[in-house]
Amino acid sequence: MTMYDIIEKKKNRLILTKEEISFFVNKYVNNEIPDYQMSSLLMAIALNGMNAKEVTDLTLVMADSGEKIKFDFNVVDKHSTGGVGDKTTLIILPIVASLNCKIAKMSGKGLGFTGGTIDKLKSIPGFNTELDLKKFIDQIKDINVSLISQTKNIAIADKKIYALRDVTATVDSIPLIASSIMSKKIASGASNLVLDIKVGSGAFMKDIVSATELGQTMVNIGKNASINTVAVLTDMSQPLGNNIGNALEVIEAIDVLNGKGPADLREISIELATYMVSLYHKITYDMAKTKVIEVLENKQALNKFYQFVQYQGGNLSLLKANPKYKYQVYSNKEGYITKINTEEVGKIALLLGTGRLTKDDSIDYEAGIVLNKKINDFVKVNDLLATFYTNKEIDLCDKYLNSIEISNQKTNSNLILGVIK
Ligand code: URA
């Protein structure tokens with residue numbers, strides 16, 4: 001077997017065997033296959049796809065390439081394919097933990113224009129995301145929830161392959177995204193999993209057809225790996241909630257846990273939490289939803305959030321979102337907001353300091369955007385559209401105006417776009 005033959009096969013749209021998949025993944029991890037051959041194969045996969053068996057084989061081989069965590073208790077996990085203003089994890093974890101589900105969550109940093117949960121939690125002074133495995137497990141046994149940075153040894157092959165995909169225009173491939181995410185979920189010991197597949201201008205998947213295919217592919221992999229998996233397709237045609245940026249998103253998540261906060265963020269959080277509770281306790285969707293709303297309303301979830309933050313060393317009284325500069329963006333038109341180019345808004349947030357433009361950049365936890373108007377809101381000339389928070393002297397107001405569309409008619413907008421079981 002040679003790498004040349006494997007590339008040739010995929011170029012000709014033939015199906016790769018598990019042995020061939022195992023060959024190229026393991027030899028690449030061991031530096032026995034050069035980047036140029038791996039890049040060529042990744043491009044052939046991105047162009048010609050993989051069938052369900054090939055994707056499952058690729059996922060399992062990547063999951064086996066590093067450490068695999070096993071829990072001696074039932075756990076539930078969630079994963080979002082990434083969006084702008086997506087702070088649902090901060091709301092869902094305490095809801096689900098206060099309903100006696102154990103959540104062992106490993107998260108990543110922000111990726112491109114999308115934010116990462118680790119960065120959001122690090123905006124809370126003292127919050128430790130680097131617990132060792134024993135402390136991580138002890139905390140879950142104690143308070144049902146812990147969240148740490150993805151350990152370096154999980155799915156080593158994915159780390160190496162992802163870094164190559166990032167620079168070879170092969171990130172947006174359904175088999176490659178599905179196997180990348182699911183290999184990490186399998187290796188990190190999930191037994192129940194709810195996937196939030198984001199769809200729209202602020203997501204990797206820009207349309208419902210590709211999002212459905214991604215969701216279906218991941219649910220199939222989950223089934224083949226004995227993980228109870230549900231995928232919920234949710235709208236990312238505008239940022240979720242009103243706040244973008246690390247500290248600002250923590251503040252907004254606490255608002256929702258306090259019974260306030262934006263309706264879209266509350267609704268998606270309730271939906272995802274409901275599927276997690278339903279899978280974990282094997283109860284109906286309706287029963288789970290009643291429980292989820294109850295712990296939001298009686299503040300048990302809010303208190304669980306405080307307990308979780310305190311347990312990991314965070315001090316919420318020191319959380320700050322009051323940077324040196326505030327810029328306000330005013331409308332230059334009258335009408336309804338009908339489109340927000342969410343990827344562009346995510347990039348503006350990055351420029352304000354919310355994420356890293358290069359891997360060594362540091363983050364300004366106070367930076368971000370508050371959206372004062374969203375899709376289907378009516379605006380007059382000079383109405384406030386958004387407020388930028390930053391420690392940089394930087395004028396991005398025109399860039400924001402160019403990323404929204406204002407028309408004289410409202411548009412259709414749905415939050416939950418489908419569920420795949
Ligand atoms: N997130 C991942 O972990 N992998 C991908 O390929 C895309 C998003």
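One is the number of the first residue; the rest follow in order along the sequence. When a ligand or atom number is given, it counts from 1 through the structure's own listing order. Just so we're clear, the structure is a prediction, and the values are computed from it rather than from any experiment.
Close approach of ligand 1 to Lys184 (heavy-atom distance below 4.0 Å) involves ligand atoms 2 (C), 3 (O), 4 (N). Under a 4.0 Å criterion applied to the non-hydrogen atoms of Phe204, ligand 1 contributes the atoms 8 (C).
Checked for salt-bridge contact, Lys9 and Asp5 miss the test: no charged N lies under 4.0 Å from a carboxylate O.
A tilted orientation is assigned to the rings of Tyr285 and Tyr275, their planes being inclined by 30° to 60°.
The shortest N or O to N or O distance between Tyr162 and ligand 1 is not under 3.5 Å. For ligand 1, the polar-atom distance check finds an N/O of Ser180 within less than 3.5 Å of one of the ligand's N/O atoms.
The shortest heavy-atom distance from Ile181 to ligand 1 is under 4.0 Å.
For the side-chain hydrogen bond (donor to acceptor under 3.5 Å, both in side chains) test, no residue two or more places apart in sequence or in another chain qualifies with Asn376.
Defined by atom type and a distance below 3.5 Å, a donor-acceptor pair is missing between the side-chain atoms of Asn100 and Lys291.
A salt bridge (Lys or Arg N to Asp or Glu O under 4.0 Å) check over residues 96-107, counting only residues at least two apart or in different chains, returns the pairs Asp77-Lys105.
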